[in-house]
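This is a predicted model, so every value here is computed, not measured. Numbering starts at 1 and runs along the sequence shown. Counting convention: from 1, in listed order, for ligands and their atoms alike.
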Amino acid sequence: MNLVSPNFSDVMEPNVEIRKFPDSDVYVRIPGISELQGEDVSLFHRLYPNQDTEILSALFLLDTLKRVGARTTLVSPYLPYSRQDKTFREGEALSAQALCGLLSHAGAHKLVTVDCHFLKKEGEAEYGGLKIDNRSANRLLVEHARKKLEARELELISPDQGANYLVSDFGGKSMKKVRGEYQEGEEAYRTVEKVESEFDVRDKHVLILDDMISTGGTMIEAVKNVKKGGARTVLCAATHGFFLKNSLEKLKGLTDGVFTANSILNPAAEVDILPLLR
Ligand code: R5P
């Protein structure tokens, strides 16, 4: 049985209610839940944007299903907090692990997700007590790039070592990224100081592929690097596109094309990941 949250209405008809009480507390309801007693259920629910509210909605839905004995697989193509899987300074939260623990405790039998940042490979894993089935959008994104370039030979590059698994199957190479220290101020943000490469891209058609484009800092530096190296065409793509800090406009101005999957809805979401989630 599929349960579909309203924030998945671009691909499936929603059958779960999520609203707000007047004071902004979250209200969730699963009509016909008595029929789900002891059943296997797939709950399609995006956890971004508005991640904190969407996480809470997911926890309430999972708990509601647990109470009738359903075995629920949470299907959320992007897992927020997945970049907080390491600590750098004393006292920092291990948010990725804490979140996985919460989802598992609330009743997620398994999480099906796409290009989960801390896993860095496809397949089944267990993290923070949660079983995760991590699928990759890399093949769909590469196929899309090939169509855009009308099958001209494509050189695949990831902007850092962590995203190497996205390009390695295609003979791709990875750059090295150097991040700066945390900036002062309310925003917890580490700038990208540089992205380095040692390979030749002169006159090549390049696709730079990452798991996500957030502020665009990484991708912008990677694009500048391959352009300096004399690439003939530069496309950039990612599974998850946030495009914060006006980065979509900046990347459009610097490249021959920018696109992502629709795990997060955004104006450059050209690749449908639904086939990966079924
Ligand atoms: C980090 O290692 C990820 O793979 C991405 O490269 C990074 O999170 C993208 O963030 P931003 O767009 O802010 O540089």
Honestly curious: do L149 and V223 fall in one hydrophobic cluster under the side-chain, below-4.5 Å linking rule? no
Would one find an N or O of G216, backbone or side chain, under 3.5 Å from an N or O of ligand 1? yes
For ligand 1, which atoms have a heavy atom of [X] less than 4.0 angstrom away?
| X | result |
| --- | --- |
| K177 | 1 (C), 2 (O), 5 (C), 6 (O), 7 (C) |
| S214 | 10 (O), 11 (P), 12 (O), 13 (O) |
| H117 | 1 (C), 2 (O), 3 (C), 4 (O) |
| D211 | 3 (C), 4 (O), 5 (C) |

Would you please say whether a donor-acceptor pair under 3.5 Å links the side chains of [X] and [Y]?
| X | Y | answer |
| --- | --- | --- |
| T239 | D211 | no |
| Y81 | D52 | yes |
| N134 | T113 | no |

Between R89 and E92, is there a salt bridge with N-O shorter than 4.0 Å? yes
How does D160 reach ligand 1, by side chain, by backbone, by both or by neither, if only non-hydrogen atoms under 4.0 Å count? side chain
Against ligand 1, does R83 come closer than 4.0 Å with any heavy atom? yes
